[in-house]
Structures are given as structure tokens and as C-alpha cells.
Amino acid sequence: MFAEVIIDQDVKALDKVFDYAIAGDMDVKKGMRVYVPFGKRTLQGFVIGLKEKSELTPNKIKPIISIIDEQPVIKEEMLILMQYMCSEFHLRQTSVLRLFVPSEIREGKVKELFEKYAVLSENIDKNSLKRAIKQQIIVEKLEIYKRIRLSELKNEFGASAVKALLDKGFILLEKEQVFRKPYLSEHFDKKITLNPQQDNAIKTICQPKTYLLHGVTGSGKTEVYMHLISKALSQGKTAIMLVPEISLTPQVMSTFKARFGEQIALIHSSLSAGERFDEWRRIFSGDAKVVVGARSAIFAPIENVGIIIVDEEHEQSYISESNPRFDSKEVALFRAKFNHCPLVLGSATPSIEDYQKAVTGEIQLLEMPVRANGRPLPKIQIIDMLNEIRAGNGGIFSTQLLSDLAKVINDKKQAMLFINRRGYSSFMMCRECGYLAKCKDCDVSLVYHREDNRLKCHYCGKQYKVLDRCPNCGSDKIKQGAVGTERIVSELQKIFPDVKILRMDNDTVSKKNSHQKILEQFASTLPAILVGTQMIAKGHDFENVTLVGIVDADQSLYRSDYRSTERCFSLITQVSGRAGRSQFEGKVDLQTYSPRHYVYKFAANYDYKGFFKKEANIRATAKFPPFSKIIRILFSNTDENVVKDELKSCYNRLLQVREKYIDDIIYMDAMKSPIKRIKSSFRYQIVIRIKSASKQIEDEIFDCTKDALKSSVFFEVNPENMS
Ligand code: ADP
Ligand code: ZN
Ligand code: ZN
């Protein structure tokens, strides 16, 4: 027998399948890891196939040295998924396989954890214990309970008494494996009667196809998901549910744990290595039947899947931005097809791409237009910050927001203030008239780059001089940058010195469980204000929140990419969804310097469809996705000449592709990246826009990069970030 092996080295030259011979007595199975000789070295590899014959001449084939795992670590479905991901996302086999087996398993550093129990042995001589009172009591206790945890006995009676009994052979030890589980606070299951819109969604979702569940915030999507999962379980199947990392809050996890108990496995970034190791093994063995987790949970080694759910499907975090780059929604679709089960994409603000698919009938749309508890969505008031400036208020907070905050405090309720820090890219904007510096050719905001003091377009690479006066009104109040959470908290504390003000952002939640502590503190304080970034936008259900303030809505709008309007709409909707969730009426104050931008009108009316129409129209005209494909090929190397050479020869080959598809390629150019050096590597890029979504052209473009062996090449389709 021969094994087809992929060497576990993430380098271009080894991205092949190698044949190795299997010695007669070696029980090699598909999906196992093995040690193989490679040149003069011994390397690890994955067995992806077995065969009777090899095309290679016998003396060229070396034998497998040894097996690493007792059992396969990669299942059949995942081997097929690997092939798909390699061709769909242009990835190397090893880097995909590594996604399937977490490093805790691969590196062998984390071990199984065993708990020791004491039991009575048969040959026990009680008489000999007459003067050892403690030992006597231990024996009596064991006669009653049969089996007691060793650590408990030692705590209660001391290590020496226990040791004495062990030495005499009166008690024996039994080992039992324990699974480390993520900590969750007390949880209980709410009994909920489904309303008609939920009932309808659950009944409809039964075919092996893709459904887009468009439900307003608070419409009760979670309950729909849980019912679908229960349905799958009752058919003897399993389930996967993806949730963006930041909305995988302790509250959400507890809800699922309360409903599904031990059947659930959680996968997210704040698990300890031991917890991740054990959760993965519980999934692999089939003990866990429901996997809930962030992006990487889509690679859970779970079989017989009956439903796959992607909550907040519009979230960009479903695409991994670094190598290996993949879209977990595409992976989810592959697995749904493989398992012949439904795929549910849920959101209050679906991505333009997916809603367009619903419009064309490629996927099925389901709607839940009202809140589950019948409460209205909070009223959104648009506050014109330019007016504030004209009226002499140059501060962070409008008069309206301050008076609404004062009212919340007076009523002993709560407020959440949201700022968008991830959209921190500095754009230049006039605080007098709202003028915004944009690229003449691409119609996206220019980004200020401090290192060379220039404004740059991230789509075409064009550079502009920094403005010191507004070209529109001549004012010198033109500036870039944003205020951070810290500054907001300190300003607020000055205005409301006696009020509890909490802050939540990446800096404050870096410690384990601090996320939860801040939320618990907020939940139990009246009145209180929570200031935060994206982290407070989702998944939280605080009944006393009656006011949401969006401090600088434009921060998300003027990001330098074509999706910024869509993201702005979705953020406003999400953040607003935190207010007025229970019996108290909610309100949203939205501060902006561009009050007339269409995104605010639609968002304030919760008019997703109106927004979609407008946005889809603009994208179709400007030829942005989903009406085109943007491809960026990023080359980097510490030697600038090497990158330039390889970029150039790739570009020359691309010219032929463009020749061939002259009608489909709208734009193609090579340029320095907007950020031209990262960690002493020089970065150059080729940006191509193609009209049709043709995979054929994409593949031919990718082929042109294959000779660039010295630079690291990063190939992205519709990148999230062009810098
Ligand atoms: P979404 O995920 O759509 O924003 P949630 O699933 O968080 O909404 O539900 C919002 C609130 O409504 C939750 O507190 C949930 O317990 C409650 N809820 C869900 N379904 C019902 C129902 N059928 N009747 C009453 N309350 C419900
Ligand atoms: Zn101006
Ligand atoms: Zn441009």
C-alpha cells in the first residue's frame, strides 16, 4: 500500500502530494498525521489518500517512518473541503489542513486531563486500622460512596492518611478523563411561545438550500435558530452555528448552554488552550452535537450536520483577512451542500451581496419585520453637528444628546454611547461645511498617511496634497482623526460627576472575563452610562437602556472603501437595536456632520429595502461588487528590487490576460501599496477590477502570480481592506 502525503510545511515548493510506502504492519489511515523522510530531514505530513499502486518507480518511494496520531484527525468531508478551498481561495493545501486541526492538537503540547478517584480494594484488613482514625473514616466513607475524588480525600483527611492506605493496597486508584469546559455564569432557559413570524420561518426552513433570514433587531432570531437546532437534533443530526466573535457574549453563550446543555461545544478566542483542546475532541468524538463559535468553528470536525446557521451574516469578520484568506460563508455553503442540509444566513441588515442573491432568487428570503415582544423600534433622531458648531458648540456632544442623557440619569435608567474606533482611518473633513476629500477617479474617501504626509486613494493609489483650507468654503477648520472612548468618558465624567460611567473597548477587555465583569457591573447599576466601540453594538439585551448615542456616525461612513455606507447603515441599525428592548421606550441620538447623506435617512426610518435599492444602484453604476470583482495581488519582500521585479513580470503576464478578456477587465494597474512598508517589508500591489464574476478569469489572473517565488504573494478577491 501507498499513502498520499501532504508535507506539513507551508511553502510554495512543497504544495504537492507525495507518495510514501506503508510498511506491512503499519495501520495507516486516511486523515492521520505521520512522520516521513524528506531529503535528509524527518518531517510531519498529513495522509490524504491511500492507494494500491504508485506511478513512481519503486526505488524512489520511501517508507513512512511512523504514525503520529492513534486515530485520524481529519475526516473525509474535510479532505474534500480542502480541495475545494484550495481552488476556490487559491490556497496551499497545508495551510488549509492546519485550519482543520487546531495547534493545540497538532503541536502535542496540550495533554488530556485525568482526575483520580479512590475506590476500596478487596483485600482490606480493617483490624489493622484500629489506631489510625483518619484511615478508618476514609474506608467507611468509601464503603458508603464507593468512589471519591482523590483530591477531595486529601483535602479532608490529609495526604499522609491517603498515602498510607494506598501503600497498604487498601484503596486503589481509578483514572477518569475530565473535559475542561469554558466557564459560564448561571444560566436558565426562558420558556418562549413562538409568534407567527418565527413559526413561519421555522416551518419554511427545511430544504437543503440557502435561506436569508432578514429580521429586525429584537425580532427573535435567536429563538428561531435554537428551534432549528433542536429540530436537527431530534432527527439525530448535528448543528453548527457561527456568530461573530464580538457578539459571542457570555449572555449569548449561556442562553445556548441553558437550552442544549452538555451537547454544546463552544469555540472562541478566549478559550484556554486546554479548553480548546477538549472542546475540539468532544466534537471530534461525536459527544458534542452543537457547535457554536466564531469563524473557525466552521471547520469543526462534526459529522452528519443537519443545519448550519450564520448569524449576523453581514459581518466582515467572517472573512479572514490574513493568510490563509477564506470566506467562512462560502465554506458554510460547501458543508451545507455536502451534508444536504439548510444553510441559514441571518441578519437585521443583510450584506448587499446576499440580499442581491435573494432578489435574483438564488437564495430564499424570509422576513421577520416586527420585534418579538411587540415593542416598537426606538426613534432615531438625526443631529446636525454642523449646526452645533454654528451655534457655538464645538464640543463632542450636542445639546440634544446632553439633555437626553440628563433625562436618562434623572429617570434612573441607562444609556449606551457608541463610537466607531475600528473605522479610525483618518479622513479629511471640513467641520464648517462638511466637505470631504475624495478621490476624483474612484469616489471614495482619501486616507491621510502620516508617514509621508499625503492623502491617498486606496483603490487606485493616486496621491494628493494634504489640505489646509477647505476647497469648498475656505475654512481652515479642516482636520482629520477621531475622538477615542477614553476622551469621551473623561468629558462625560466632568459633565455628570456622580454618574457611573463604564468603558468597553479592546483595551478594557483584554483580560480574561473582564468583558463579562464590565457588563455585569453595567447591568446592576442605575443610572449608568456605557461608552464603547463595536463591542457594545451587538447581542446585548439590557432592559433599562432607554438611550443610545452615536457620537460620530460619520466615522464609519468615511472609511476609504466602497462598503463603508453599507457598514454605516448596519452599525446604526445594530446600535439602535440596543435601546428600548423591554417595556421602556427607547431613543437614539445620531450625531453627524453630513445629516443629508442618504444612509441616515434610510437608517432613521429602518428602511433596509430602500437603502438596498439605492446602494445596489450606486454599486451597479460604479461597477463595484456584487456587480464586479475587485482583485488585489499584494507582493511583499524585504528587498525592494525583488518585489519590484516580480511584480513587473507578473504584470507583464497579466497584460496578456487583459488582452484576452479586454471586455471584462475594467481596470488594472500596478502600484505601491498605500502602506508601502510593514515590518521592513516593501509592499507593492496590482489591483484589477473585472466586470463579470467569472471564476475562469480569476484563475487565469492567479496563474500569473505563480512564478513569483521570492516575494510573499497575497491574493484577495473583494478585499476588506486596501491599505
Ligand atoms: P434578534 O436576535 O432577532 O435581535 P433576540 O433573539 O435577541 O432578537 O430576541 C429579542 C428578545 O425577544 C429576547 O429577549 C427574546 O427572549 C425575546 N423573544 C424571542 N421570541 C419571543 C417570543 N416569541 N415571545 C416573546 N419574546 C420573545
Ligand atoms: Zn468647508
Ligand atoms: Zn482613486
Side-chain angles (χ1 to χ4, degrees), residues 189-243 247 252 255-256 258-260 290 292 305-315 329 332-333 336-337 339-378 538-539 541 570 573-574 576-577 580-582 605-613:
D189 200 3
K190 276 199 229 170
K191 285 275 163 286
I192 285 177
T193 326
L194 295 177
N195 60 34
Q197 65 179 10
Q198 288 169 320
D199 204 40
N200 171 54
I202 292 160
K203 287 206 176 101
T204 310
I205 297 170
C206 58
Q207 306 276 318
K209 61 179 194 177
T210 306
Y211 298 88
L212 179 61
L213 180 62
H214 178 207
V216 297
T217 56
S219 58
K221 294 188 288 294
T222 314
E223 200 55 41
V224 171
Y225 302 150
M226 291 200 285
H227 270 260
L228 292 170
I229 294 171
S230 297
K231 197 157 85 176
L233 291 176
S234 70
Q235 293 163 352
K237 295 185 177 167
T238 64
I240 302 175
M241 171 156 150
L242 300 190
V243 178
S247 43
V252 172
T255 309
F256 275 82
R259 183 74 54 95
F260 300 106
V290 182
V292 176
V305 183
I307 184 106
I308 302 180
I309 295 158
V310 181
D311 188 28
E312 312 283 9
E313 68 88 28
H314 61 279
E315 272 284 313
K329 275 195 283 180
L333 180 59
K337 282 186 176 156
N339 289 280
H340 303 287
C341 74
L343 169 63
V344 179
L345 307 174
S347 176
T349 54
S351 65
I352 299 290
E353 276 90 345
D354 283 320
Y355 204 85
Q356 174 68 17
K357 284 183 192 157
V359 167
T360 60
E362 191 182 332
I363 63 181
Q364 184 175 342
L365 182 65
L366 287 166
E367 294 176 312
M368 301 215 295
V370 293
R371 279 190 159 177
N373 57 7
R375 300 289 308 166
L377 289 160
K538 303 202 170 83
D541 206 355
S570 133
T573 310
Q574 297 293 346
S576 304
R581 292 177 75 89
S582 66
N605 292 325
Y606 295 99
D607 183 4
Y608 176 83
K609 280 184 198 164
F611 172 72
F612 169 81
K613 265 198 194 136

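Being a predicted model, the structure only gives us computed values, none of them experimental.
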Discussion item. Under the criterion side chain to side chain contact (heavy atoms under 4.5 Å, CB included), I'd like the reasoning laid out for D354 against E313: C-alpha separation, chi angles, the key distance, then a yes or no.
Written reply: CA-CA 9 Å; D354 283 320; E313 68 88 28; 2.4 Å; yes

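By the ring-ring contact (aromatic ring centres under 6.0 Å, His included) test, F612 is found to be paired with Y355, residues two or more places apart in sequence or in another chain being considered. Considering only residues two or more places apart in sequence or on other chains, K609 meets the side-chain hydrogen bond (donor to acceptor under 3.5 Å, both in side chains) condition with E367.
Here the side chain of H214 pairs a donor or acceptor atom with the backbone of A348 at under 3.5 angstrom. The backbone N or O of T217 sits less than 3.5 Å from a side-chain atom of R371, completing a donor-acceptor pair. Counting only distance, with no hydrogens or angles, the side chain of R581 and the backbone of G577 share a donor-acceptor pair below 3.5 Å. A donor-acceptor pair under 3.5 Å is formed between the side chain of N373 and the backbone N or O of R375.
Salt bridge E312/K221: absent, no basic N to carboxylate O contact under 4.0 Å.
Residues N200 and Q198 are not in side-chain contact: their nearest non-hydrogen atoms beyond the backbone lie 4.5 Å or more apart. A heavy-atom distance below 4.5 Å is found between the side chains of F256 and I229. Here the side chains of L345 and T210 are in contact, with some heavy-atom distance below 4.5 Å.
Between atom CG of residue L343 and atom NZ of residue K209 there is a gap of 12.0 Å, rounded to the nearest 0.5 Å. Atom CD1 of I309 is separated from atom OH of Y211 by 12.5 Å, given to the nearest 0.5 angstrom.
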